[in-house]
Visitor: 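Submitted below is the structure of interest, expressed as structure tokens.
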2 protein chains.
Amino acid sequence: MEHRIEKIKKQLHSQSYKLTPQREATVRVLLEHEEDHLSAEDVYLLVKEKAPEIGLATVYRTLELLSELKVVDKINFGDGVSRYDLRKEGAEHFHHHLVCVECGSVEEIEEDLLTDVESQVERDWGFQVKDHRLTFHGICKKCQVVTVNS
Amino acid sequence: MEHRIEKIKKQLHSQSYKLTPQREATVRVLLEHEEDHLSAEDVYLLVKEKAPEIGLATVYRTLELLSELKVVDKINFGDGVSRYDLRKEGAEHFHHHLVCVECGSVEEIEEDLLTDVESQVERDWGFQVKDHRLTFHGICKKCQVVTVNS
DNA sequence: TGTCAAATTAAAATCATTTTAAATTAAAAC
DNA sequence: GTTTTAATTTAAAATGATTTTAATTTGACA
Ligand SMILES: [Zn+2]
Ligand SMILES: [Zn+2]
Ligand SMILES: [Zn+2]
Ligand SMILES: [Zn+2]
């Protein structure tokens, strides 16, 4: 945990940004909820528990900043809100998601899976891929069982 | 064109919805701008040219309805607006996108590309894939040339 | 023709996000 | 160590996209 904060601090400094207490509190919340897919509002409410004076606008600005630095990725599952997802340690690319259309659960896939597809796109479309967003919509393991039994 | 309208009309009827003049005008706009990625507002302005009395709320409701029927797919490129993309004729899945981070252009990929990845996900994660969203972010052909020359 | 449900309109409401202006903080300059 | 300065934060207001509401219209069909 602490070493990841240190790392992010360095990343900020390298672009001459500071790791202010508000920013640190925000990053800590993200680290403590790495599995979740929090909206700005979610993050705000959680940060408020440790730093009650923080404003929602600051959370938005911090998330935007972290997003520029590629510390987090901003994603959108189609409900009206943006969600902010910490990049896995050392990950080059954004990870993928499995969204269950039955129960709404979101599972993560850290494996890249797209290496071949990306070479194909570079070769056949002449498009130089820098990053990707991949989400599968379908039925999760749990919900398949329920459907079978009912 | 007409036969696609007919098809959509039937799809609506099969769920006991009607193809009202407003809905038809909206569908026509979508068909005439199949290559574009129009926002609700964009669609509204274009529909207004043929049916000036239409309201923005109706356009939203129509797009939502078409989205439920899988006639269009709702997509989000990270700017604050939803865009509505007609499904290609006979397509089982949503098509993919190449978004250029330099010039903002959006190119479409109709080839599926994900067959293998999807079997892998079904096999290794036990997730039954129904649909997907795949967007690549990178540099388009045009912008690569510019970069090389400058 | 009269009835009823579905659909539409225009306006207001809501919700997420951004902007603003004033106040605070903290590093840099003196 | 005080002053200066730029960056940051706050709280409130503004914005922009989307949804809801209530009143009206439309059109099938009894
Ligand atoms: Zn599920
Ligand atoms: Zn994730
Ligand atoms: Zn480009
Ligand atoms: Zn498209």
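Source: prediction; values computed, not measured.
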Visitor: Which residues satisfy the side-chain hydrogen bond (donor to acceptor under 3.5 Å, both in side chains) test with B:K9, sequence neighbours excluded?
Guide: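 Result, side-chain hydrogen bond (donor to acceptor under 3.5 Å, both in side chains) vs B:K9: none returned.
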Visitor: Summarise protein proximity over nucleotides 23-30 of chain D in one line of letters, 5' to 3': B for base, S for sugar-phosphate only, - for none, counting protein heavy atoms closer than 4.0 Å.
Guide: --------
Visitor: Given D:dT8, is OP1 or OP2 found less than 4.0 Å from the side-chain N or O atoms of A:T58?
Guide: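 Result: no.
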Visitor: Quiz question: by atom type and distance under 3.5 Å, do the side chains of B:H95 and B:E108 form a donor-acceptor pair?
Guide: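 Short answer, yes.
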Visitor: Could you tell me the separation between the CG atom of B:D42 and the P atom of D:dA17, rounded to a whole number of Å?
Guide: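 Distance check: B:D42 CG to D:dA17 P gives 10 Å.
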Visitor: For A:N76 and D:dA17, give me the distance from atom CG to atom C1', rounded to whole Å.
Guide: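 Distance check: A:N76 CG to D:dA17 C1' gives 13 Å.
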Visitor: Between A:L19 (CG) and C:dT25 (P), how many Å, whole number?
Guide: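 Answer to the nearest Å: 17 Å.
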Visitor: Take atom CD1 of B:I54 and atom C1' of C:dA7, then tell me their distance rounded to the nearest Å.
Guide: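 About 11 Å, once rounded to whole Å.
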Visitor: Sort and list the pairs that fulfil salt bridge (Lys or Arg N to Asp or Glu O under 4.0 Å) and have at least one residue in residues 122-135 of chain A, not counting sequence neighbours.
Guide: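 Pairs touching residues 122-135 of chain A that pass the test: A:D73-A:R133, A:R87-A:D131.
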Visitor: Which residues satisfy the salt bridge (Lys or Arg N to Asp or Glu O under 4.0 Å) test with A:E111, sequence neighbours excluded?
Guide: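 For A:E111, no residue satisfies salt bridge (Lys or Arg N to Asp or Glu O under 4.0 Å) once neighbours in sequence are set aside.
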Visitor: Under the salt bridge (Lys or Arg N to Asp or Glu O under 4.0 Å) test, which residues partner B:E68, sequence neighbours left out?
Guide: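 Here no residue qualifies.
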Visitor: Rounding to an integer number of Å, can you tell me how far A:R23 CZ sits from C:dT25 P?
Guide: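 Rounded to whole Å, this separation is 15 Å.
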Visitor: Quick one: what's the B/S/- string for nucleotides 13-21 of chain C, heavy-atom cutoff under 4.0 Å, read 5' to 3'?
Guide: ---SBBBB-
Visitor: Tell me, please, which residues at least two apart from A:E34 pass salt bridge (Lys or Arg N to Asp or Glu O under 4.0 Å).
Guide: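 Salt bridge (Lys or Arg N to Asp or Glu O under 4.0 Å) list for A:E34, sorted by chain: A:R4.
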Visitor: Mind listing the side-chain donor-acceptor pairs of residues 19-32 of chain A below 3.5 Å, one per line with the distance, residues two or more places apart or on another chain?
Guide:
{"residue": "A:T20", "atom": "OG1", "partner": "A:R23", "partner atom": "N", "Å": "3.1"}
{"residue": "A:R23", "atom": "NH1", "partner": "A:K18", "partner atom": "O", "Å": "2.7"}
{"residue": "A:E24", "atom": "OE2", "partner": "A:R28", "partner atom": "NE", "Å": "3.1"}
{"residue": "A:E24", "atom": "OE2", "partner": "A:R28", "partner atom": "NH2", "Å": "2.9"}
{"residue": "A:T26", "atom": "OG1", "partner": "A:Q22", "partner atom": "O", "Å": "2.8"}
{"residue": "A:R28", "atom": "NH1", "partner": "A:E2", "partner atom": "OE2", "Å": "3.1"}
{"residue": "A:R28", "atom": "NH2", "partner": "A:E2", "partner atom": "OE1", "Å": "3.1"}
{"residue": "A:E32", "atom": "OE1", "partner": "A:K50", "partner atom": "NZ", "Å": "3.1"}
{"residue": "A:E32", "atom": "OE2", "partner": "A:K50", "partner atom": "NZ", "Å": "2.9"}

Visitor: Cut-off 3.5 Å, side chains only: do A:H37 and A:D42 have a donor facing an acceptor?
Guide: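 A:D42 and A:H37 do not have a side-chain donor-acceptor pair below 3.5 Å.
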Visitor: Can you find a side chain N or O atom of A:T20 that sits less than 4.0 Å from OP1 or OP2 on D:dT9?
Guide: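 For D:dT9, OP1 or OP2 has a side-chain N or O of A:T20 closer than 4.0 Å.
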Visitor: Sequence neighbours left out, what passes salt bridge (Lys or Arg N to Asp or Glu O under 4.0 Å) with B:E89? Give chain and number order.
Guide: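 Salt bridge (Lys or Arg N to Asp or Glu O under 4.0 Å) check on B:E89 returns B:K7.
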Visitor: Atom OH of A:Y17 to atom C1' of C:dA27: distance rounded to whole Å?
Guide: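 After rounding, the gap between these two atoms is 17 Å.
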